[in-house]
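By convention in this document, chain letters (A, B, ...) are assigned in the order of the sequence lines, proteins followed by strands, and residues within each chain are numbered from 1.
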Amino acid sequence: MNCAEIQPLLHAWFDGELDSVRALDVERHVHDCSGCAGAKRSLESLRTALRSSNLIYRAPASLRDSIRASVMATSSSGSSPATQSASTSPGAGSVSPAPRGSRSAEQSPDLGQPSGGGLGSRGEGDRPRGSGWLWKLLALGATALAAAVFFVRFGAISEREQLATEIVTAHVRSLMAEHLTDVASSDQHTVKPWFEGKLDFAPGVKDFADQGFPLVGGRLDFLHGRPVAALIYRRNKHLINVFVWPAGETREPGAKPKYLRGYSLLNREIDGLHYCLISDLNSPELNALADLLASK
Amino acid sequence: MALTQQQTQFEELVMPHLDAAYNLARWLAGNDHDAQDIVQEASLRAFRFLSGYQGGNARSWLLTIVRNTAFSWLKKNRPAAIVRIEDETFEQIEAAGSSEADPSRVDASVVRTALESLPAEFREALVLRELEGFSYKEIAEIADVPVGTVMSRLARGRKLLQQYFHSKGEK
């Protein structure tokens with residue numbers, strides 16, 4: 001690689017964001033080229049300066065206290081989940097003007113006013129706090145009831161729940177930096193053969209970029225005690241893991257979508273293989289991908 | 001007094017990342033008082049939108065809310081801070097050749113001023129990368145821009161800083 005090719009990659013390389021192949025190319029070039037080595041040194045000394053100049057601010061203890069106080073007050077104030085406008089999520093209620101710990105009562109006027117569904121005005125008028133205990137009691141009761149219903153329906157954690165939890169964990173772990181793919185390619189002719197010799201089955205791999213689900217790559221993963229294939233797709237900004245293993249090895253609740261910790265899960269059996277799709281994508285779109293996987 | 005489910009979730013998802021939230025708010029707002037207001041408002045928004053939390057990186061999720069709150073505040077109170085720098089300016093800086101300044105030998109207060117002098121979006125990228133250690137992907141999520149834009153903001157932000165040190169005659 002020459003300097004012109006290295007230039008645009010230098011910062012990404014410096015930040016550890018390049019894949020290992022290109023990183024090695026850049027490293028080799030920088031080692032041999034005094035100009036680029038100088039640029040690298042400049043970046044290093046800039047980084048040193050930024051990290052050693054005491055530039056990191058930390059939240060004052062009074063701020064922590066006053067945020068906690070506001071949150072406690074919000075939960076126990078007289079507002080019920082249903083009274084908020086449709087744009088806010090249920091359960092949070094409106095913000096009561098809790099005092100801000102050691103801070104003065106003067107609010108910065110710029111932030112005090114709501115803007116279409118924003119915070120209620122702070123420091124103006126008091127909501128009666130005496131009725132708070134009743135709502136708290138009801139909230140506790142509702143939580144207890146929900147927990148009881150959960151346990152009555154599902155009993156102890158079943159094998160299916162365990163697998164679902166395992167899948168969520170594997171999905172989240174894969175989203176952490178540098179761990180998403182073992183083979184990063186949108187070419188099915190690169191990804192599919194990559195699995196050969198690594199698995200005792202052959203996952204079908206197809207790129208659906210034309211339909212809005214580009215293939216990002218593949219990864220070897222481990223679920224319910226055996227190696228599985230993970231195919232990674234993208235839909236706009238959402239990433240989808242499709243875990244594949246031979247059909248018949250796990251008990252399946254059917255094709256109904258599941259939700260766990262904010263993720264949608266979908267299971268399908270296609271051509272003797274089990275596919276489990278997981279994403280923070282909404283389930284109609286996840287279904288669309290499942291349909292694509294099932295099509296010829 | 002037992003905590004509600006939401007309060008527990010808030011304790012687990014938001015409170016551990018309050019320092020990172022404050023650091024970002026402080027670097028965007030430029031002073032303690034406004035930074036505290038921003039973090040207070042953002043935290044309460046986070047509390048209200050807990051059910052919108054989709055799992056995954058809680059720190060990124062919170063900082064997205066903080067940065068949106070901060071930029072709304074900036075647009076309203078200090079729009080000059082979000083100034084755009086023309087591509088031509090960067091081309092001129094490139095053409096002028098690389099500076100010889102060694103910022104690691106520079107006084108901390110000068111480094112601080114240099115970072116404060118950057119337009120908000122470059123400052124944000126550098127704070128998230130250099131001070132908080134976020135990856136390009138995480139910064140892209142927080143700032144709601146493509147990874148390429150993150151890369152470009154970092155490269156240009158760094159260039160501007162080097163230019164600043166050079167112009168201050170630091171050798």
Give, for atom [atom1] of [X] and atom [atom2] of [Y], the distance between the pair rounded to the nearest 0.5 Å.
X	Y	atom1	atom2	result
B:Ser43	A:Leu63	OG	CG	7.0 Å
B:Gln36	A:Ser62	CD	OG	5.0 Å
B:Leu154	A:Glu17	CG	CD	9.0 Å
B:Arg129	A:His11	CZ	NE2	12.5 Å
B:Arg158	A:Asp15	CZ	CG	4.0 Å
A:Met72	B:Thr4	CE	OG1	8.0 Å

I'd like to know if A:Arg58 and B:Glu132 make a salt bridge, using a cut-off of under 4.0 Å between side-chain N and carboxylate O.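 A salt bridge is present here (some side-chain N lies under 4.0 Å from a carboxylate O).
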Considering only NZ, NE, NH1 and NH2 on the basic side and carboxylate oxygens on the acidic side, decide whether A:Arg68 and B:Glu11 come within less than 4.0 Å.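 Yes, charged N to carboxylate O under 4.0 Å.
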What parts of residues 17-25 of chain B touch chain A if we use heavy atoms and a cut-off under 4.5 Å?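 At a heavy-atom separation under 4.5 Å, chain A is reached by B:Leu18, B:Asp19, B:Ala20, B:Tyr22, B:Asn23.
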Listed partners of A:Tyr233 passing ring-ring contact (aromatic ring centres under 6.0 Å, His included), at least two apart: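 With neighbours one apart ignored, the set is A:Phe208.
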Set of ring-ring contact (aromatic ring centres under 6.0 Å, His included) partners for A:Trp13, sequence neighbours left out: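 By the ring-ring contact (aromatic ring centres under 6.0 Å, His included) rule, A:Trp13 matches no residue at all.
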Tell me the closest heavy-atom pair linking [X] and [Y], and the distance in Å.
X	Y	result
B:Gln40	A:Ser66	OE1-OG, 3.0 Å
B:Met15	A:Arg64	O-NH1, 3.2 Å
B:Gln162	A:Ser42	NE2-CB, 3.4 Å

Heavy-atom contact with chain B under 4.5 Å, split by part of A:Leu281: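 For A:Leu281, neither part sits under 4.5 Å from chain B.
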Qualifying ring pair (Phe, Tyr, Trp, His ring centres under 6.0 Å) pairs with a residue from residues 33-65 of chain A, counting only residues at least two apart or across chains: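 For residues 33-65 of chain A: A:Tyr57-B:Trp27.
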What part of B:Tyr136 lies closer than 4.5 angstrom to a heavy atom of chain A: side chain, backbone, both or neither?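 For B:Tyr136, the contact with chain A is made by backbone and side chain together.
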Among A:Val172, A:Leu50, A:Leu43, residue most engaged with chain B (heavy-atom pairs, under 4.5 Å):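 Of the candidates given, the most pairs with chain B belong to A:Leu50.
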Partner chain B: residue of A:Asn54, A:Ile56, A:Leu10, A:Val168 with the largest heavy-atom pair count (under 4.5 Å):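 Option with the top pair count is A:Ile56.
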Does any non-hydrogen side-chain atom of A:Leu239 lie less than 4.5 Å from one of B:Lys137?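 Yes. Closest side-chain heavy atoms under 4.5 Å.
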